[in-house]
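Presented below is the structure to which this report refers.
Per chain, numbering begins at 1; letters A, B, ... match sequence-line order.
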There are 2 protein chains.
Amino acid sequence: MATGRTHRPATRSRGIPEATVARLPLYLRALTALSERSVPTVSSEELAAAAGVNSAKLRKDFSYLGSYGTRGVGYDVEYLVYQISRELGLTQDWPVVIVGIGNLGAALANYGGFASRGFRVAALIDADPAMAGKPVAGIPVQHTDELEKIIKDNGVSIGVIATPAGAAQPVCDRLVAAGVTSILNFAPTVLSVPDGVDVRKVDLSIELQILAFHEQRKAGEEAAGTESAAAAAVARNDSAEQGPDGDVPAVMPA
Amino acid sequence: MATGRTHRPATRSRGIPEATVARLPLYLRALTALSERSVPTVSSEELAAAAGVNSAKLRKDFSYLGSYGTRGVGYDVEYLVYQISRELGLTQDWPVVIVGIGNLGAALANYGGFASRGFRVAALIDADPAMAGKPVAGIPVQHTDELEKIIKDNGVSIGVIATPAGAAQPVCDRLVAAGVTSILNFAPTVLSVPDGVDVRKVDLSIELQILAFHEQRKAGEEAAGTESAAAAAVARNDSAEQGPDGDVPAVMPA
DNA sequence: CCCTGTGAATACCTTCACAGCG
DNA sequence: CGCTGTGAAGGTATTCACAGGG
């Protein structure tokens, strides 16, 4: 995915490729697991296996951050955790609001991975007055009327939209007007936002459709008898590359 | 996202680029909306805007499917809906099982986008005996013990994992052993699977972390005063490219 | 004359392979 | 001697720009 800052005119050396940024969270998760097991150092080979990528890619990714490894040894786990966290901006606290507290919104509110990594659910917002005051994941749901006030009072810059498709754009507009500049959209719609606002999209049915495409292809191959090369290809497979999101939802500058 | 069939040695002409495949569902959604409004034809420019991509990309994507447009006019909406559906394998019925019926699993079960596009929730499975028999989205939850039987009886080839991280790999192994060859994984873990099995991954916290990265960068730019070029870049932005998932979770052959 | 389809140019990502540090 | 860091090579994806059909 091209994505993001395509339009940026040769910014300073600080330019970390988007594809690399998308993998940093994966590395971070693997490193955190190692850290919890008190593993002091790790080689690119080992860490790559844990993260589901190949080691050359991992080393190149890290090379954009700086030279944090030791030749002949590997990487210091704790140090790398810190460096990646800092690069991702996780050493600071990001208040987040979730709009739309249905099953999905509730799942997000309960999701532990949030709090553990710099994110704090500042508020839950829903349009249904019957929800108001009800606690979800220990946080009382507030009515949409309060949206602007909540954003401003908490200095929220990241919003999560988990509403039905129809409500997404209006909610998005209000979030942006109130000062939100990054949006994670779970509603199956294309949002339009002004320049300077990032949107990332997570779409369940799209993922399934992509799987169906590959599934269909597999079936076709079988039927087509032994198309020699194809069959062999499926058999031989070395580095079990687990696409994290290599091409996951793209960020878009505007 | 590299992804998928990287290892495949020059398969037949049928090779549609992975990035294109990832966008087909987007086009399909936009087209379906047009179809519901009884719009008969659409130009690449209009459709591209609706899908949040640029028109050159869209035309190139369609060119891999064949020549379905009419010069000087555009594309026939109904015809294109059919062609894309067929290409994605959505003209057939895909039974799907969802394992792990917490908030997220319930959200998935209730998600309308499933049924509407060739997918049928064949069963909901959870390890909690207390859940057994309870209907979610009108479908009774079954216990994990039944997993193998369910897969086989229903000819399921696509499984969705919405369990906690710890349970994901064992569940995955059982799904695969029972015959599932495509997995959509919502648990924050790297799954290992044998060759020939595709895994796609959706990870909420990763998306948020990527947003945080860009958010941090924005803040930094402001602080750095007017770094001329950067500021200008944010201002000038033409085609509001909404990355669908250009690089969304990558498929991995195994 | 408008809009598709596509070669050619460009940008981006991944992988290879190895120099060189610890 | 092992493992990082990185030039260079190879692939893939995006964008440009225009030929040519309806």
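- Protein atom OH of A:Tyr64 is 14 Å distant from nucleotide atom P of D:dG5, rounded to whole Å.
- Comparing C:dT4, D:dT14, D:dG5 by their nearest atom to the side chain of B:Arg71 picks out C:dT4.
- Each of B:Ser67 and A:Asp61 was assigned the nucleotide of DNA chain C with the nearest heavy atom; the assignment lying further toward the 5' end belongs to B:Ser67.
- Distances shorter than 4.0 Å separate some side-chain N or O of B:Arg23 from OP1 or OP2 on D:dT14.
- Between A:Leu80 atom CG and D:dT4 atom P there is a gap of 11 Å when expressed in whole angstrom units.
- A:Tyr75 and A:Phe62 have perpendicular rings, their planes meeting at more than 60° on a 0 to 90° scale where under 30° would count as parallel.
- Aromatic ring orientation, B:Phe114 versus B:Phe119: tilted (interplanar angle from 30° to 60°).
- Between the C1' atom of D:dT14 and the CD1 atom of B:Ile16 lies a distance of 18 Å, rounded to the nearest Å.
- Formation of a donor-acceptor pair under 3.5 Å by the A:Asn185 side chain with backbone atoms of A:Thr189 is found in this model.
- In this structure, B:Asn54 does not reach the D:dT14 phosphate: none of its side-chain N or O atoms is under 4.0 Å from OP1 or OP2.
- Residue A:Glu45 contributes atom CD, which lies 12 Å from atom P of C:dC16 at whole-angstrom precision.
- A:Arg59 contributes a side-chain N or O that forms a donor-acceptor pair with the base of D:dG5 under 3.5 Å.
- Note on A:Ser43: every side-chain N or O is 4.0 Å or more away from OP1 and OP2 of D:dC3.
- In the set C:dT4, D:dG22, C:dT14, the nucleotide with an atom closest to the side chain of B:Ser44 is C:dT4.
- With rounding to whole Å, B:Phe62 atom CZ is found 16 Å from C:dC3 atom P.
- The distance from atom OH of B:Tyr27 to atom C1' of C:dT4 is 14 Å, rounded to the nearest whole Å.
- Between the CD atom of A:Glu18 and the C1' atom of D:dT14 there is a distance of 15 Å, given to the nearest Å.
- Residue contacts shown for B:Tyr75 are limited to sugar-phosphate atoms, with no base heavy atom under 4.0 Å away.
- Across B:Leu204 and A:Tyr111, no two heavy atoms sit closer than the pair CB-CE2, 4.0 Å.
- In this structure, A:Lys57 reaches the C:dT15 phosphate: one of its side-chain N or O atoms is under 4.0 Å from OP1 or OP2.
- Contacts of B:Gly74 with the nucleic acid, taken as non-hydrogen atoms under 4.0 Å apart, involve only primed sugar atoms and P, OP1 or OP2.
- Between B:Ser182 and A:Lys218 there is a side-chain heavy-atom pair separated by less than 4.5 Å.
- Per the geometry, NZ belonging to B:Lys60 stands 7 Å off C1' belonging to C:dG7, to the nearest Å.
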